[in-house]
Amino acid sequence: MNESFKRGAREGLTLMLPMSVGLLPWAIVTGVAMRSTGLSAVESLGMNLIVYAGTAQLGTLPLIAAGAPLWLIFITALVLNLRFVIFSAALAPAFHGQSWSKRLLSGYLLVDGLFVLCADRLLRSDDPHWRWGFYVAPAMLCWSMWQLGGLVGVFGASVFPKDWSLEFMTTIALMVMLVPMVKQRAMLVAALVGGLGAVLLRGLPLRLGVIAGIALGIAAGFVAERWSEKRRQAW
Amino acid sequence: MVEGVWLWLTLFAIGSTTILTRGSFVLGGEGARLPPALQRALRYAPAAALSALIMPDLLLDAGAFDPANPKLAAGIVVALAAVRSRSPWLPFIAGMGVLLLLRKGLGW
């Protein structure tokens, strides 16, 4: 193994360690939420491995529970994961010259915390070995923490009585993700319109209300951003 | 509930969105660029989507609009806990605590 790969890996792990521990509560909650939705232990662990994206996992659980059609679940998961397109576009130059299989692995492993912590230094280094170590080692650490916490949640879920409304944990987890986002006004507008839109349009056939609400919310956020910019310029 | 083979198919469909989004530019090469307007609009996707999943659960009871329901009360406590505290556990403990108290303790 290459020296600069090892150096990159060591630096990446040191940087990621505190944040990766913070993944544990999430992973545990997601594990409990999957089991309380009605997934078996094997199905839950399968979801953790196949999807490996907390927001998309938690967000699709209510739809799985309701027996929503496959395409609707797919589109909802796609929307919940859309932010990764931005991360992927920003990080792409860091994988210049890497093999296709390494790029595929890198894509699968690209979680929010990894981007937030590693993107800046990753894009400034011109040593491909260091970059690969600095990316893949902390990425594997996050992955291990997620799978480990998931195991605890999946097998710990049966400790709680069945009538404890544990499926509400899914909504709580989604709220905990949403609250820090809406500190910005345009983001709050997007969330309010998206949420109320989904409630008001719930009567649409094929459970289209969720998708329609999301589309309205994105549009409203975009308009609110434009509007507040114009007002600032007018001052 | 989606079950059996359909559930596994669904899980793979959800998983494909992980690869499609995270892998998009990493796999597609760095030549392509995202139009700036689209990039800005995409920033609102997660907030709109999360809220579109949360609000129906908090505001609807058996499919009908009902603002006076235990889940909304618990949701308000969760929001307060998430704003006020940095503990990752508090919103879960407080939210589940209020919901269980209202449902089992007071029979709401």
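Numbered from 1 within each chain, the chains take letters A, B, ... in sequence-line order.
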Please list, one pair per line, the donor and acceptor atoms closer than 3.5 Å that link side chains of residues 50-65 of chain B to other protein atoms, with sequence neighbours excluded.
from	atom 1	to	atom 2	distance (Å)
Ser51(B)	OG	Ala191(A)	O	2.5
Ser51(B)	OG	Gly195(A)	N	3.4
Asp57(B)	OD1	Lys71(B)	NZ	2.8
Asp57(B)	OD2	Thr171(A)	OG1	2.5

Part of Leu200(A) lying under 4.5 Å from any heavy atom of chain B: neither

Contact origin within Leu166(A) toward chain B - heavy atom pairs under 4.5 Å: both

Region of Val179(A) in contact with chain B, defined by heavy-atom distances below 4.5 Å: side chain

Modelled atom types, side-chain donor and acceptor of Arg185(A) and Ser228(A), under 3.5 Å: no

Those residues that, when tested against Tyr44(B), pass ring pair (Phe, Tyr, Trp, His ring centres under 6.0 Å) (two or more places apart): none

Validation row: Val29(A), Phe92(B) side chains within 4.5 angstrom (heavy atoms): yes

Contact origin within Ala173(A) toward chain B - heavy atom pairs under 4.5 Å: both

Region of Val42(A) that comes under 4.5 Å of a non-hydrogen atom in chain B: both

Chain B contact via Val189(A) - side chain, backbone, both or neither, heavy atoms under 4.5 Å: neither

Gln98(A) versus chain B, the contacting section by heavy-atom distance below 4.5 Å: neither

Contacting moiety of Leu216(A), where chain B heavy atoms sit under 4.5 Å: neither

Arg83(A)-Thr55(A) side chain donor-acceptor pair, cut-off 3.5 Å: yes

Heavy-atom pairs under 4.5 Å with chain B, option from Ala186(A), Ala56(A), Ser106(A) with the top count: Ala186(A)

Aromatic centroids of Tyr135(A) and Phe95(A) separated by under 6.0 Å: yes

Among the listed options Val83(B), Thr21(B), Leu100(B), the residue most often paired with chain A at heavy-atom distances under 4.5 Å: Thr21(B)

Option in Ala45(B), Ala37(B), Gly95(B), Ala82(B) with maximal non-hydrogen atom pairs under 4.5 Å from chain A: Ala45(B)

Choice from Ile73(A), Leu188(A), Thr170(A), Leu109(A) maximising heavy atom contacts with chain B below 4.5 Å: Ile73(A)

Interface moiety of Ser165(A) toward chain B, non-hydrogen atoms closer than 4.5 Å: both

Side chain / backbone / both / neither for Ala215(A) at chain B, heavy atoms under 4.5 Å: neither

Structural part of Met181(A) lying under 4.5 Å from a heavy atom of chain B: side chain

Region of Leu58(A) that comes under 4.5 Å of a non-hydrogen atom in chain B: neither

Side chain / backbone / both / neither for Ile64(A) at chain B, heavy atoms under 4.5 Å: both

Region of Phe87(A) in contact with chain B, defined by heavy-atom distances below 4.5 Å: neither

Heavy-atom side-chain contact between Leu91(A) and Phe84(A) under 4.5 Å: no

